[in-house]
Number of protein chains: 2
Amino acid sequence: MDGVEQTNESWRILIVEDDERLADLTREYLESNGLTVSLETHGGAAVERIRNEQPDLVVLDLMLPGEDGLSICRRVRPHYTGPIIMLTARTDDLDQVLGLEMGADDYIGKPVQPRVLLARIRAMLRRVETVPVASEGGNGEEPARLQFNDLIVDRAMREAWLSDDSIDLTSAEFDLLWLLASNAGRVLSREEIFTALRGIEYDGQDRSIDVRVSRIRPKIGDDPIHPRRIKTVRSKGYLFVKEA
Amino acid sequence: MDGVEQTNESWRILIVEDDERLADLTREYLESNGLTVSLETHGGAAVERIRNEQPDLVVLDLMLPGEDGLSICRRVRPHYTGPIIMLTARTDDLDQVLGLEMGADDYIGKPVQPRVLLARIRAMLRRVETVPVASEGGNGEEPARLQFNDLIVDRAMREAWLSDDSIDLTSAEFDLLWLLASNAGRVLSREEIFTALRGIEYDGQDRSIDVRVSRIRPKIGDDPIHPRRIKTVRSKGYLFVKEA
DNA sequence: GTGTGCTGTAACAGACACGTCACCGGGCAG
DNA sequence: CTGCCCGGTGACGTGTCTGTTACAGCACAC
């Protein structure tokens with residue numbers, strides 16, 4: 001059960017750090033865990049890049065040659081609302097308070113274990129993902145979590161619960177469950193499901209959706225003969241029922 | 001899930017901590033800085049209170065008598081989406097990663113300076129505040145649903161109700177019912193019905209439409225001799241009547 | 001009344017759609 | 001490299017649909 005998956009696209013992280021060797025190692029580790037990382041060693045350029053590229057998250061070293069990290073944070077905040085994680089060798093409490101009040105979202109003392117950094121980045125992205133991205137197409141956004149009686153489906157955590165018990169869903173199973181649940185009350189045809197999940201055309205023969213459904217149903221406590229959640233609509237598709 | 005309290009109201013913080021003296025001090029400090037704080041010393045009760053009170057933020061001590069903080073976090077997560085800050089004397093990296101992956105948003109090692117805690121709480125609340133309150137915004141959506149007195153036909157769910165009782169229609173039956181109902185008040189010839197439903201030419205002999213109608217009628221409470229909904233127009237076709 | 005169509009519908013059987021098992025290939029971690 | 005897990009494929013069994021057919025009743029014309 002890994003944490004935040006790259007649901008649609010990989011998250012874009014910008015690391016601002018003058019120690020290139022360290023930065024490279026960090027990038028490698030983060031990228032091997034599904035993040036897209038770019039580096040910036042120079043403070044002044046960082047401000048520009050954050051404004052222009054609008055990364056999903058910024059990791060900002062405080063001790064930079066030239067411009068100070070705090071000042072970068074302050075200058076960038078009016079133009080960037082994403083999360084900023086400050087990284088610093090100084091562990092002074094006052095610095096930390098200052099950094100956080102300056103608009104940082106997290107403040108980690110060096111040295112930091114890569115996995116700890118990753119965990120904190122993920123935690124932050126998870127929190128942030130519930131905020132619909134304003135720069136998107138601007139159509140109706142979907143909520144991050146759905147609840148139907150005792151069944152809860154959480155998109156940010158990619159996890160579901162059935163009366164408080166976590167349901168062990170595979171990635172593909174979760175995707176299908178989410179698709180159905182977020183379209184509750186509407187019959188989804190196999191064509192729709194196919195294009196939404198795989199981006200390819202439905203050939204009219206493929207049974208993989210059916211198999212997935214049959215794998216999901218027992219996990220969410222559904223009886224295939226008398227399903228309460230995922231109803232089969234014969235010769236059309238599947239329907240996630242809204243009401244009990 | 002009543003989202004985040006908005007701006008001016010004081011934020012409601014719940015501290016789960018068994019050391020009452022420490023907790024009191026912390027509360028005092030936080031309250032003197034404009035937060036509303038309540039305390040909970042017992043782990044089991046904490047789960048209940050978090051679910052019921054839905055505080056804006058939870059500070060959770062990991063080392064509790066009885067239930068472990070991690071387990072509290074896991075149990076509470078399905079019902080609480082607000083931020084959780086974990087507090088612990090153990091500063092092991094692995095614990096930290098575990099805590100974050102368990103759904104915590106921050107993880108602070110003890111001892112923690114009150115003002116650091118305050119700064120982190122504020123940073124977290126600042127981040128959370130931008131989360132829009134569950135936008136229930138449904139406009140525009142065409143319901144694709146027809147109603148004639150006590151008969152309701154819903155295209156999205158491909159289901160129909162007769163005075164609140166779900167009607168058991170097969171796929172082909174539903175298609176025909178929808179076609180007729182969505183053309184209520186107009187006689188549909190067999191030719192039209194055939195091309196609309198099967199996309200093929202009517203050969204002038206086929207009786208399948210008639211059979212379908214005869215199967216639908218009892219289900220929607222129609223008497224074939226004196227039909228109120230689907231009338232036969234002799235040598236023409238069928239008519240779904242608008243008014244009762 | 002009688003005849004000629006048209007319609008309602010019971011019964012049937014082939015086709016069809018779906019659930020599910022077993023299998024396999026690929027990916028990823030150890 | 002090796003084993004496990006995930007996810008798609010093919011096959012099979014089952015239950016349900018749905019068109020066909022046949023026959024009975026009805027409507028209308030004469």
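Basis for what follows: all heavy atoms, side chains included, without hydrogens, waters or symmetry-related copies. Just so it is clear, the model here is predicted, and its values are computed rather than measured. Lettering of chains follows the sequences in order, A, B, ..., and the numbering in each one begins at 1.
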Can you tell me how far P of dG8(C) sits from NZ of K231(B), to the nearest Å? 14 Å
Could you run down the sub-3.5 Å N/O contacts of the protein with nucleotides 27-30 of chain C?
none

Residues touching DNA chain D, which here means a heavy atom under 4.0 Å, drawn from residues 185-196 of chain B: none
R212(B) side chain: which of dG8(C), dG19(D), dT20(C) is closest? dG19(D)
Under 3.5 Å, which donor-acceptor pairs do the side chains of residues 234-241 of chain A form with other protein atoms, sequence neighbours left out?
{"residue": "S235(A)", "atom": "OG", "partner": "S171(B)", "partner atom": "OG", "Å": "2.9"}
{"residue": "Y238(A)", "atom": "OH", "partner": "D210(A)", "partner atom": "OD2", "Å": "3.4"}

How many Å lie between CG on L169(B) and P on dC17(D), as a whole number? 10 Å
Looking at D106(A) and R120(B), is there a salt bridge between them, counting it only when a charged N and a carboxylate O are closer than 4.0 Å? yes
Please give, in whole Å, the distance from dA17(C) C1' to R158(B) CZ? 14 Å
R212(B) with D175(B): basic N within carboxylate O range, under 4.0 Å: no
Looking across every strand, which nucleic acid part, if any, lies under 4.0 Å from V213(A) by heavy atom: base, sugar-phosphate, or nothing? nothing
I'd like to know whether CD of E191(B) has more than 12 heavy-atom contacts from other residues, nucleotides or ligands below 6.0 angstrom. yes
For the side chain of V211(A), starting at C-beta, report the closest nucleotide among dT20(C), dC6(C), dC16(C). dT20(C)
May I ask you to verify if any side-chain N or O of T170(A) is less than 4.0 angstrom from the OP1 or OP2 atom of dC5(D)? no
Output the rounded distance in Å from CG (L176(B)) to P (dC17(D)). 16 Å
Taking five pairs at each end of the helix from dG1(C)-dC30(D) to dG30(C)-dC1(D), what angle separates the two helix axes (nearest 10°)? 30°
Could you state the atom-to-atom distance from CD of E173(B) to P of dT16(D) in whole Å? 14 Å
R207(B) (side chain) and dG19(D) (base): donor-acceptor pair under 3.5 Å: no
Please write out each protein N/O paired with an N/O of nucleotides 12-14 of chain C under 3.5 Å, distance rounded to 0.1 Å.
none

Go through the steps to decide whether R190(A) and T195(A) satisfy the test side-chain hydrogen bond (donor to acceptor under 3.5 Å, both in side chains), and finish with yes or no. CA-CA 9 Å; R190(A) 276 166 237 278; T195(A) 49; over 6 Å; no
Within less than 4.0 Å of OP1 or OP2 of dA17(C), is there a side-chain N or O belonging to Y238(A)? no
State, without any angle test, whether S166(A) and E159(A) hold a side-chain donor-acceptor pair at a distance under 3.5 Å. yes
Residues passing the side-chain hydrogen bond (donor to acceptor under 3.5 Å, both in side chains) test with D105(A), sequence neighbours excluded, are R77(A), R127(B)
Looking only at the side chain of D210(A) (C-beta and beyond, no hydrogens), which of the listed nucleotides dA17(C), dG8(D), dG19(C) gets closest? dG19(C)
When you get a sec, tell me which of dT9(D), dA27(D), dC16(C) is the closest nucleotide to the side chain of S208(A)? dT9(D)
